[in-house]
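First the proteins, then the strands, lettered A, B, ... as listed; each starts at 1.
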Amino acid sequence: MIDESQMQNDGLSPYLTGLNESQMDAVQTTDGPVLVLAGAGTGKTRVLTTRLAHILATGKAFPGQVLAVTFTNKAAQEMKERVASILNEPTVERWWLGTFHAIAVRMLRAHAEKVGLGSDFAIIDTDDQLRLVKQLLKESNLDDKKWPPKSVLGVIQRWKDRGQTPDHVSASEAKEFAGGRIHKIYQSYQQRMKELNACDFGDLLLHTLVIFQTYPDVLADYHRRFHYILVDEYQDTNVAQYLWLRLLAQGHQNVCCVGDDDQSIYGWRGAEVGNILRFEKDFPGAKVVRLERNYRSTGRILAAASSVISHNEGRLGKTLWTDDDEGEMLRVRGLWDGEAEARFVGEETESLQRQGQSLDQIAVLVRTGAMTREFEERFLTLGIPYRVIGGARFYERLEIRDALAYLRLVNSADDSLAFERVINTPKRGLGPAAVSVVHQLARQIETSLFKAAQEIVETDELRPAARKSMAGFVAQVERWQSLKGDMPHPELADLILEESGYLEFWQNDKSVEAKGRVENLRELVNALGEFESLPDFLEHVSLVMDTNSQQNQEMVSIMTLHGAKGLEFETVFLPGWEEGLFPNQRAMDEQGLKGLEEERRLAYVGLTRARERAIISFAANRRMHGSWASAIPSRFVDELPHEHIERESDRGIYSAPLEPSYGGFGSGRGWQDNDRGSPGMQRARSYSGGESQLVRQAAQKVSESKSGFGRGERVFHQKFGYGLVSSVEGERLTISFDKAGSKKVLSNFVVPAEKAGM
DNA sequence: ATGATGACTCTTTTT
DNA sequence: GAGTCATCAT
């Protein structure tokens with residue numbers, strides 16, 4: 001710890017030096033509620049960290065008396081490390097510093113019995129959730145076409161995000177979904193979770209919230225405990241988290257929330273920007289500090305980001321400024337298709353690398369997870385090292401989840417979801433029929449599947465072959481359970497994978513992925529060694545769905561815009577700025593203006609990740625779930641300030657100047673070939689003609705009128721040739737092409753066949 | 001019980 | 001184009 005007397009002597013402790021006036025204000029106003037409205041790159045994490053360190057260093061509170069909540073594990077980790085280094089105090093592990101979920105688990109374990117759970121409850125993943133919903137759906141015989149398990153789970157989760165237990169959902173609202181039957185499923189879902197002694201992610205907060213609400217003494221305990229509360233990324237809190245925080249903060253009222261309304265990008269998960277606006281009402285006399293000086297980006301980047309975000313209404317209105325140079329122009333590049341875009345990004349990356357830029361300082365930020373693949377493939381061919389952050393995560397892989405289910409079952413025999421998962425993996429001749437017998441008994445005698453299985457092998461319920469197989473399995477699990485005490489858990493895991501035949505199953509598999517899966521299983525056993533005990537490990541896995549296997553090599557980062565929050569890079573590529581993809585069509589369809597504005601905030605987040613250089617691109621054509629789709633540039637491109645932008649284009653895509661194209665446009669028929677002067681080609685020619693009028697016309701057309709094409713009409717597309725319109729959805733046509741199969745295209749890229757000059 | 005075949009949906013975004 | 005689901009043949 002920092003010596004207090006030293007602090008008082010010079011008045012300013014070393015960790016406070018270099019803070020500007022507003023930052024200092026936010027750090028030092030320790031008593032009473034504080035809301036820090038901090039723009040991107042204004043050092044808000046630093047403020048929060050320093051504030052925490054300051055509270056501890058000045059002896060205002062002991063470490064255990066401060067609650068610091070973050071949104072991501074990464075943010076929590078970073079904060080821990082920074083505070084630890086400021087205070088030179090290594091025992092941060094035991095502090096109340098972590099994600100909402102991690103903190104909630106800790107509280108819930110202590111009071112689980114109050115909501116009908118054991119303190120050893122399991123935390124289940126999406127996969128288990130989905131299986132549970134499927135079961136319940138089957139029992140309720142709801143039309144599964146109209147109510148797919150995913151949507152049902154979505155509705156349940158939204159209720160949970162709003163802090164509503166089944167009793168809490170109003171009758172009218174319950175009725176909204178399948179006449180109340182989804183609400184019924186929510187009830188039985190919660191009931192089953194209790195029976196399984198399990199929680200899903202939403203429950204962690206929901207249950208804790210319920211405990212606070214129904215046991216004032218428990219809440220009072222926490223009030224006494226926490227003298228200070230700090231919250232990061234406050235704009236992303238959902239209602240449940242908000243209520244949870246508000247209850248806790250009503251104790252000492254020394255709450256400090258840091259957030260940026262312009263970076264609220266989790267509305268779909270129930271986050272409410274309104275929580276920021278409500279802060280001053282909830283905590284009368286709250287002090288509001290604005291951080292508007294940006295230390296991260298160049299002037300141009302900041303201007304671009306500000307210009308885009310200014311198109312949103314209903315902002316709290318911050319004006320970011322910087323003393324930094326204007327810096328490089330932002331670049332906007334139009335390309336023929338996704339592949340060309342990936343090639344472009346690859347080449348630019350190589351060129352930056354030649355100029356000596358570290359690959360760690362380069363990021364490709366995409367809108368959807370599926371977009372990462374194109375870049376991966378390109379980087380692979382070019383031999384550029386890359387990492388995909390947040391993609392298919394280690395612990396979400398099939399083989400890892402299976403292996404984890406074995407471990408869960410051995411750890412706790414009553415984990416029925418785990419039992420279900422592994423009973424016939426690898427195949428043991430115990431299919432749905434056998435499992436359903438076990439299910440029946442379990443239900444009858446109200447016990448777990450494993451216990452029911454133990455009973456059943458003593459009877460003739462199962463056919464002899466199945467009975468024998470089941471008995472073998474039960475005996476194996478019992479043996480592993482008995483070994484649990486006296487064997488180091490990594491060894492036990494090894495043994496389980498070996499004896500269950502699961503490892504062998506993959507070793508014998510000849511598919512391409514199998515080798516990787518075997519390696520992953522080995523890595524899992526290694527990871528296990530880093531934890532004290534099996535339960536410790538399992539909890540870590542459920543909360544921190546991530547491995548920290550960071551290689552030392554310099555690598556380009558590829559990730560979604562959501563995943564990039566809180567990060568910064570020297571160079572940021574922002575591909576896929578196309579209408580429909582970004583802003584995402586679905587977001588707009590479902591949420592209207594609200595959805596569009598959230599997309600725009602996403603653009604803002606993306607741009608502000610860049611320190612020196614932002615390179616935006618869009619593609620005219622893109623492969624989307626199998627078929628091709630064409631699109632026009634994103635409206636966000638037009639919202640960029642022209643004076644800070646350099647527009648570049650490949651021939652035929654966007655405005656002049658012309659450049660040599662990369663290897664032509666696809667195979668065979670290209671734009672150039674079309675340019676032979678047949679009557680209908682005027683339209684195509686105007687593409688390569690220089691100005692972007694056509695794109696503008698197209699944009700106008702989209703907003704003003706229908707496509708003008710009809711079903712059954714014969715048409716011509718520049719890339720795919722002749723075809724027949726099979727359906728029309730506004731501007732989107734589905735065309736079955738003579739040579740290229742069925743594709744979804746925009747009408748702007750199509751001309752009537754007779755005009756194309758057969 | 002299992003594996004092969006074909007129809008179908010789907011991708012936003014995450015703790 | 002992949003992953004899931006239902007159906008059918010083994």
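No option in Phe71(A), Phe201(A), Tyr234(A), Tyr242(A) other than Phe71(A) meets the ring-ring contact (aromatic ring centres under 6.0 Å, His included) test with Phe100(A).
With the nearest nucleotide of DNA chain B identified for both Val435(A) and Asn584(A), Val435(A) has the one nearer the 5' end. Checking Gly431(A) against Glu590(A), the closest nucleotide of DNA chain B that is more toward the 5' end is the one next to Gly431(A).
When heavy atoms are screened at a 4.0 angstrom cut-off, Ala434(A) is found touching the sugar-phosphate backbone but no base atom. In this structure, Phe71(A) reaches the sugar-phosphate backbone alone: every heavy-atom distance under 4.0 Å involves primed, P, OP1 or OP2 atoms, never a base. Using a 4.0 Å heavy-atom cutoff across all strands shown, Phe100(A) reaches no nucleic acid atom at all. Using a 4.0 Å heavy-atom distance criterion, Ala466(A) is classed as making no nucleic acid contact. Counting any heavy atom pair closer than 4.0 Å across all strands shown, Gly369(A) reaches sugar-phosphate atoms only and no base atom.
OP1 or OP2 of dT2(B) sits under 4.0 Å from a side-chain N or O of Asn424(A). Residue Thr560(A) has a polar side-chain atom (N or O) positioned under 4.0 Å from OP1 or OP2 of dT14(B). Arg623(A) has a side-chain polar atom (N or O) that falls below the 4.0 Å cut-off from OP1 or OP2 of dG1(C). Proximity of Lys134(A) to the phosphate of dC5(C): a side-chain N or O atom is located under 4.0 Å from OP1 or OP2.
On the C1' atoms, dA6(C) is 23 Å away from dT11(B), given to the nearest whole Å.
Distances from the side chain of Pro432(A) to the nucleotides dT14(B), dA1(B), dT15(B) place dA1(B) closest. Comparing dG3(B), dT13(B), dA2(C) against the side chain of Lys427(A) picks out dG3(B) as the nearest. The nucleotide whose nearest atom lies closest to any side-chain atom of Ala370(A) is, among dT14(B), dT2(B), dT11(B), dT11(B).
The minimum heavy-atom distance between Phe569(A) and Met559(A), with the atom names listed, is CZ-CE, 3.5 Å. Of all heavy-atom pairs spanning Ala76(A) and Leu97(A), the tightest one is O-CD2, 3.7 Å. What you find for Val152(A) and Ile182(A) is that their closest heavy atoms are CG2-CD1, 3.9 Å. The shortest heavy-atom contact between Ala40(A) and Arg609(A) is CB-NH2, 3.9 Å.
Spacing between atom CZ of Arg269(A) and atom P of dT14(B) amounts to 9 Å, rounded to whole angstrom units. Protein atom CG of Asp203(A) is 18 Å distant from nucleotide atom P of dT15(B), rounded to whole Å. In this structure, CD of Gln129(A) is placed 12 Å from C1' of dT14(B), rounded to the nearest angstrom. Counting to the nearest Å, the C1' atom of dT13(B) and the CD atom of Gln157(A) are 13 Å from each other. Look at CZ on Arg463(A): it is 12 Å from C1' on dT2(B), rounded to the nearest Å. At whole-Å resolution of the value, CE in Met371(A) and C1' in dT11(B) are 12 Å apart. One can place NZ of Lys150(A) at 10 Å from P of dT13(B), the figure rounded to the nearest angstrom. Residue His207(A) contributes atom NE2, which lies 21 Å from atom P of dT15(B) at whole-angstrom precision.
Judged by centroid separation below 5.5 Å and plane tilt below 30°, Tyr266(A) does not stack onto the base of dT14(B).
Rounded to the nearest 0.5 angstrom, Glu341(A) CD and Asn621(A) CG are separated by 11.5 Å.
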